[in-house]
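Single-structure report; data block below.
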Amino acid sequence: MSGIVIIGGGQAAAALAAKLRGVGYAGAVTILGAEPVAPYQRPPLSKGYLLGDMPLERLTLRAPDWYDANDVTLRTGVTVTGIDRAAKAVLIGQERVPYDQLALCTGAPPRRLPAAMGGDLAGVYTVRTLADVDAMAGEFTAGRKLVVVGGGYIGLEAAAVASKLGLAVTLVEAAPRILGRVACAETADAIRDLHRSHGVEILEGIGITQLTGADRVGGVELADGRVLEADFVITGIGVTPATDLAAAAGLTVANGVAVDAEGRTSDPAIWAAGDCAAFPGTNGPMRLESVGNAIDMGELVAENMLGAGKAYVPKPWFWSDQFDAKLQIAGLGTGYDQIVTNTAEGQSFWYFRDGRLIAVDALNAPRAYMVGKRVIEAGKPVTPEQVAAATDLKVLMK
């Protein structure tokens with residue numbers, strides 16, 4: 001029996017496989033992962049694992065014996081080369097793996113600087129896989145100089161780890177400010193202050209023209225002509241959904257593998273979940289790059305493969321650990337028109353659109369995160385005035 005085949009070995013793939021068994025699916029389940037290791041958590045790579053606080057065994061999503069115990073075939077280090085939709089088979093070179101239903105959980109690899117800019121020089125790293133972080137681990141020696149290119153969460157987390165380990169860190173962001181695509185100015189101000197208080201130099205509103213060096217990077221040339229000395233460079237300039245397999249197979253692709261509300265692609269036997277999947281949103285197709293989305297969508301697709309017919313309703317949440325601060329985010333702030341700051345506990349920044357709460361950023365404020373998440377998911381009406389005046393945020397849930 002062909003059963004269900006999952007391409008990808010990340011959080012969405014692991015969640016999908018576990019859910020299939022959890023709801024009683026008895027057919028064959030096969031995971032084809034490109035990395036040489038079993039599915040693991042990615043977020044700690046740029047946090048606890050890079051810092052050395054989280055060992056490899058704690059990254060792994062399932063115990064090694066879980067796959068055998070649940071009759072899930074896990075194949076690691078596998079390069080899928082194509083999908084034969086007519087024959088319902090996944091191609092691994094000359095090998096053909098048949099499927100009844102197929103799930104694409106291929107993720108979103110990081111963008112790299114072009115080779116013409118020095119992006120291929122030794123000493124230039126991205127943070128996405130276990131191999132990425134293991135490759136750069138030896139670079140983190142106190143006193144060395146790191147330049148981080150990109151002021152999103154990955155870049156900021158890497159900068160925080162390096163600073164804690166005693167490196168001299170400069171972060172360069174081409175946009176007018178850090179976190180410009182994902183957070184309000186108030187959150188960015190708080191995070192900037194945090195980094196600068198720990199000695200991280202943050203340069204905003206300036207691009208880079210070149211990474212200098214012959215075989216290995218030695219510096220970063222800025223658009224204004226300055227050259228920053230660098231013993232190594234980490235780039236955090238966003239990701240691109242992995243859609244090559246889907247596109248080559250003739251599936252609809254538009255900023256991700258296009259799926260309907262149930263997670264089904266333009267081929268009724270093929271589904272997609274996680275970072276690579278573009279699903280219907282309120283204002284058109286959307287993708288979410290987060291652990292929560294990978295788990296929730298993976299589990300939903302598993303159920304829908306078995307006929308549940310459920311529509312995906314995302315409940316976005318994210319987090320970022322930097323120095324001694326934890327930033328927790330609930331909801332999506334896209335299109336906000338008002339920010340309300342509350343300091344009843346830590347700092348929290350509440351996003352409103354047309355008077356309706358749509359997101360909250362909570363910095364060392366777990367209660368604000370919990371309350372905001374519950375209010376948003378329940379659709380409870382809360383006014384900006386109520387948030388601003390609240391000294392005990394729990395009153396917002398009443």
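Because the structure is a prediction, the values reported are computed rather than measured.
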NZ-CZ distance between Lys88 and Arg96, expressed to the nearest 0.5 angstrom = 14.0 Å

Co-membership, hydrophobic cluster, residues Leu102 and Met305, 4.5 Å side-chain = no

inquiry  = Any side-chain to backbone donor/acceptor pair from Thr126 onto Pro110? Under 3.5 Å, distance only.
reply    = no

task = Is it possible for you to say whether Val217 and Leu167 belong to one hydrophobic cluster, with membership spreading through side-chain heavy-atom contacts below 4.5 Å?
result = no

ask   = Going by heavy atoms in the side chains, are Leu61 and Gln11 under 4.5 Å from each other?
value = yes

query = Taking atom CD of Glu229 and atom CG of Leu146, what is their separation to the nearest 0.5 Å?
reply = 12.5 Å

request  = Indicate yes or no for a side-chain donor-acceptor contact from Asn342 to the backbone of Ala390 under 3.5 Å, with no hydrogens or angles considered.
outcome  = yes

remark   = Heavy-atom closest pair (Pro314 atom, Leu288 atom, distance to 0.1 Å) is CB-CD1, 3.8 Å

task = For residues Tyr99 and Ile83, determine if any side-chain heavy atom of one lies less than 4.5 Å from a side-chain heavy atom of the other.
result = yes

inquiry  = Taking Val301's backbone N and O only, do any of them form a donor-acceptor pair with Asn304's side chain (distance below 3.5 Å, no angle check)?
reply    = no

message = For the CZ atom on Arg374, are there more than 12 heavy atoms of other groups (residues, nucleotides or ligands in this structure) within a distance under 6.0 Å?
response = no

task = May I ask you to establish whether Arg21 and Tyr25 are in a cation-pi arrangement, using a distance under 6.0 Å from NZ or CZ to the six-membered ring centre and at most 45° from the ring axis?
result = no

ask   = When rounded to the nearest 0.5 angstrom, what is the spacing between CD in Glu201 and CG in Leu228?
value = 7.0 Å

request  = Identify whether the distance between the nearest side-chain nitrogen and carboxylate oxygen of Arg367 and Glu345 falls below 4.0 Å.
outcome  = no

ask   = If you look at every heavy atom in Thr106 and Ala242, which pair is closest and at what distance?
value = OG1-O, 2.9 Å

query = Does the side chain of Trp271 reach to within under 4.5 Å of the side chain of Leu16, using non-hydrogen atoms?
reply = no

ask   = Distance-only, no hydrogens or angles: does the Thr81 side chain make a donor-acceptor pair with backbone N or O of Gly93 under 3.5 Å?
value = yes

inquiry  = Could you check whether Lys326 pairs with Asp321 (Lys NZ or Arg NE/NH1/NH2 to Asp/Glu carboxylate O, under 4.0 Å)?
reply    = yes

key: Pair Arg192 + Asp189, salt bridge at N-O below 4.0 Å   = yes

request  = Start with the C-alpha distance between Met297 and Val259, add both sets of side-chain angles, then the distance that settles side-chain contact (heavy atoms from CB on, under 4.5 Å), and finish with yes or no.
outcome  = CA-CA 11 Å; Met297 199 172 186; Val259 298; 3.8 Å; yes

message = In the structure I gave you, are the side-chain heavy atoms of Met286 and Thr334 within less than 4.5 Å of one another anywhere?
response = no

ask   = Is it the case that more than 12 heavy atoms not belonging to Asp193 sit under 6.0 Å from its CG atom?
value = yes

query = Closest heavy-atom contact between Ile6 and Cys105?
reply = CG2-SG, 3.9 Å

ask   = Is it true that a side-chain atom of Ser46 and a backbone atom of Ile154 form a donor plus acceptor pair closer than 3.5 Å?
value = no

ask   = If two hydrophobic side chains count as joined below 4.5 Å and joins carry through other members, does Leu251 share a cluster with Phe279?
value = no

Thr212 side chain to Gly219 backbone, donor-acceptor under 3.5 Å = yes

query = Any chance NZ of Lys380 has more than 12 other-residue heavy atoms, nucleotides or ligands included, within less than 6.0 Å?
reply = yes

ask   = Is there a path of hydrophobic side-chain contacts, each under 4.5 Å between heavy atoms of I, L, V, M, F, W or Y residues, that connects Val127 with Val147?
value = no

request  = Please report the shortest heavy-atom distance between Ala261 and Leu300, naming the atom on each side.
outcome  = O-CD2, 4.1 Å

query = Between the main-chain N or O of Met370 and the side-chain N or O of Gln328, is there a donor-acceptor pair closer than 3.5 Å?
reply = no

key: Test item: Gln386 side-chain N/O and Thr383 main-chain N/O as donor-acceptor pair under 3.5 Å   = yes

inquiry  = Which heavy atom of Leu396 sits nearest to which heavy atom of Val375, and what is that distance?
reply    = O-CG2, 3.9 Å

key: Pair Asp296-Tyr312, side chain to side chain donor-acceptor pair (under 3.5 Å): steps then yes or no   = CA-CA 8 Å; Asp296 293 347; Tyr312 183 48; 4.7 Å; no

remark   = d(Leu222 CG, Ile206 CD1) to nearest 0.5 Å is 4.5 Å

task = With the side chain counted from C-beta on, respond yes when Glu204 and Ile178 share a heavy-atom pair under 4.5 Å apart, and no when they do not.
result = yes

task = Ignoring hydrogens and angles, tell me if any N or O in the side chain of Arg287 forms a donor-acceptor pair with the backbone of Asp275 under 3.5 Å.
result = yes

task = Hey, could you give me the CZ/CG distance between Arg42 and Asp132, rounded to the nearest 0.5 Å?
result = 9.0 Å

message = Tell me if a side-chain donor or acceptor on Ser163 pairs with a main-chain N or O of Ala160 at a distance below 3.5 Å.
response = no

request  = In sequence, state the C-alpha distance, the side-chain angles, and the governing distance for Gln338 and Trp350, and then conclude on side-chain contact (heavy atoms from CB on, under 4.5 Å).
outcome  = CA-CA 8 Å; Gln338 184 178 1; Trp350 302 67; over 6 Å; no

key: Under-4.0 Å salt bridge between Lys47 and Asp53   = no

query = Can Phe140 be reached from Leu56 by stepping across I, L, V, M, F, W or Y side chains whose heavy atoms are under 4.5 Å apart?
reply = yes

Please list every donor-acceptor pair under 3.5 Å in which a side-chain atom of residues 111-123 meets a protein atom from a residue at least two apart or in another chain.
unit_1: Arg111; atom_1: NE; unit_2: Thr240; atom_2: OG1; d: 3.4
unit_1: Arg111; atom_1: NH1; unit_2: Ile237; atom_2: O; d: 3.3
unit_1: Arg111; atom_1: NH2; unit_2: Val239; atom_2: O; d: 3.2

request  = May I ask you to say whether Asp224 pairs ionically with Arg226, meaning some side-chain N is under 4.0 Å from a carboxylate O?
outcome  = yes

key: Student check: side-chain heavy atoms of Val291 and Trp317 closer than 4.5 Å   = yes

Residues forming a side chain to side chain donor-acceptor pair (under 3.5 Å) with Tyr336, sequence neighbours excluded = none

query = Would you say Ile329 and Tyr153 make side-chain contact, with heavy atoms under 4.5 Å?
reply = yes

Validation row: Ser348, Val387 side chains within 4.5 angstrom (heavy atoms) = no

ask   = Where is the tightest heavy-atom contact between Ala17 and Val29, given as atom of each residue plus distance?
value = CB-CG1, 4.1 Å

query = What distance do Glu299 atom CD and Leu20 atom CG have between them, rounded to the nearest 0.5 Å?
reply = 10.5 Å

